[in-house]
> 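Before anything else, here's the structure in question.
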Amino acid sequence: MTAPGTQHDALRERVRGLIRAMPVAQREFAAGIDLDETKLSKALNGTRRFSPHELVRIAEYSGVTVNWLLHGSDEAATVTAVPPPAARSAGHPEEPEPRRRILETAWQLIADRGYHKVRIADIARECGTSPAAIHYHFPTKADVLTEALRRNVKLAFDRQVAELHAIGSAHERLLKLVELQLPDGPVLRAEWSVWLQVWNESALDPKMRELYWDAYNRWYRTIAMTIGSGQEQGTFAPGDPDQLTAQLTALIDGLGIQVLTGKPGSSVATMRRHLRDFIDRVIVDAT
């Protein structure tokens, strides 16, 4: 295992390399990741550390993964499962901004209006461009949705690696994973809204189903890894990690749907309480 100091030195050097490779100055790089230039400079010289949110923004802006930033490889073993190749974004580093804006816009429109109510013309209008410019990157609306899903898999992976890599306790990691999955705030509510629609589409379209299961399996394996790690640490009760993962993920899905659809009495707070109760009763203490 890499020593923390060495890891942070390597992280800073990788970020410096990304800045040198970008066709913009450090000031523009800072603006691109929504970070004050002084804070970026301090992080690069070691007087402060990059926050998890900043790591995610750097990875998104530069077309890399947080796993690569931290470990030097997209495939490095980490505390969360690595996405399979079929579920990874096929972004083009030479033109990240137009594609990223299209995918961000499409994702939000689909979350707000529904997949079947969003047209390529709507995406173009929101992006301030033409439908032809959208079709240049994505021939069909289905291509936009497919790539937006792959991009979301990457963002979820980046968030999890950024938030979890420094947490040694599997119990704390599992609780953090739950927090990262709650439909709390505009970003995660939008993700839940789109994934609810993906579930519907994947029930009808075998091609969409394959991508969905590739993406879902990564989340499932992350939970199973965390539960297995907690059992090895002696903080979780013995049991079949796969069975426990099936129960926990089903509970997360069901409670999330209740929150998104406004079931009376449901809320993010009650969802969190039910999930923590399940973890305490079934995963931590199975007596």
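Nothing fancy with the numbering, it's 1 onward along the sequence.
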> Do Asn67 and Thr65 meet the criterion of a side-chain donor-acceptor pair at a distance under 3.5 Å?
no
> So, using side chain to side chain donor-acceptor pair (under 3.5 Å) as the criterion, who are the partners of Arg27 when residues are at least two apart?
Glu37
> So, taking the atom named CG in Leu149 and the one named CZ in Arg151, what distance separates them when rounded to the nearest 0.5 Å?
11.5 Å
> Enumerate the ring pair (Phe, Tyr, Trp, His ring centres under 6.0 Å) contacts for residues 138-157, please, sequence neighbours excluded, ordered by first and then second residue.
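Every candidate ring pair (Phe, Tyr, Trp, His ring centres under 6.0 Å) pair involving residues 138-157 fails, so no pair, neighbours aside, qualifies.
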> Is the number of heavy atoms from other residues, nucleotides or ligands within 6.0 Å of NZ (Lys42) greater than 12?
no
> For the residue pair Ser41 / Gln26, report whether a side-chain donor-acceptor contact shorter than 3.5 Å exists.
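Side chains of Gln26 and Ser41: pair found under 3.5 Å.
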> Apply side chain to side chain donor-acceptor pair (under 3.5 Å) to residues Thr140 and Asp143 and explain how you reach the verdict.
CA-CA 5 Å; Thr140 69; Asp143 293 326; 3.0 Å; yes
> Enumerate, atom names and distances included, each donor-acceptor pair closer than 3.5 Å involving a side-chain atom of residues 114-121, sequence neighbours excluded.
unit_1, atom_1, unit_2, atom_2, d
His116, NE2, Glu201, OE2, 2.6
Arg119, NE, Asp122, OD2, 3.4
Arg119, NH2, Asp122, OD1, 3.0

> Test Glu172 against every option in Ile167, Leu177, Thr235, Thr226 by the side-chain contact (heavy atoms from CB on, under 4.5 Å) rule and name the one that passes.
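In the set Ile167, Leu177, Thr235, Thr226, the residue that makes a side-chain contact (heavy atoms from CB on, under 4.5 Å) with Glu172 is Ile167.
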> Could I get the full list of side chain to side chain donor-acceptor pair (under 3.5 Å) partners for Glu163, not counting sequence neighbours?
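By the side chain to side chain donor-acceptor pair (under 3.5 Å) rule, Glu163 matches no residue at all.
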> Do the side chains of Arg159 and Glu191 get close enough for a salt bridge, i.e. N-O under 4.0 angstrom?
yes
> Would you call Asp34 and Arg57 a salt bridge, taking side-chain N to carboxylate O under 4.0 Å as the test?
yes
> So Trp195 and Tyr212, would you call those rings parallel, tilted or perpendicular, with 30° and 60° as cut-offs?
tilted
> Apply side chain to side chain contact (heavy atoms under 4.5 Å, CB included) to Trp213 and list each qualifying residue two or more places apart in sequence or on a separate chain.
Arg209, Tyr216
> Do Ile33 and Glu54 have side chains that get closer than 4.5 Å, going by heavy atoms?
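Result no, sub-4.5 Å side-chain heavy-atom pair not found.
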> Looking at every heavy atom in both Leu244 and Gln231, which two are closest together, and how far apart are they?
CD1-NE2, 4.0 Å
> Does Asp36 have any side chain to side chain contact (heavy atoms under 4.5 Å, CB included) partners at least two apart in sequence or in another chain, and if so, which?
Thr38, Lys39
> Do NZ/NE/NH1/NH2 and the carboxylate oxygens of Glu179 and Arg276 come within less than 4.0 Å?
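Judged by the 4.0 Å cut-off on N to carboxylate O distance, Glu179 and Arg276 do form a salt bridge.
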> Salt bridge or not between Asp285 and Arg281? Use side-chain N to carboxylate O under 4.0 Å.
no
> Quick check: do Asp158 and Leu55 have side-chain heavy atoms less than 4.5 Å from each other?
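Not touching, per the 4.5 Å side-chain cut-off.
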> I'd like to know whether Gln160 forms a side chain to side chain donor-acceptor pair (under 3.5 Å) with Arg218, so could you lay out the CA-CA distance, the side-chain angles of the two residues, the decisive distance to 0.1 Å, and finally the verdict.
CA-CA 11 Å; Gln160 289 172 10; Arg218 191 205 68 81; 2.9 Å; yes
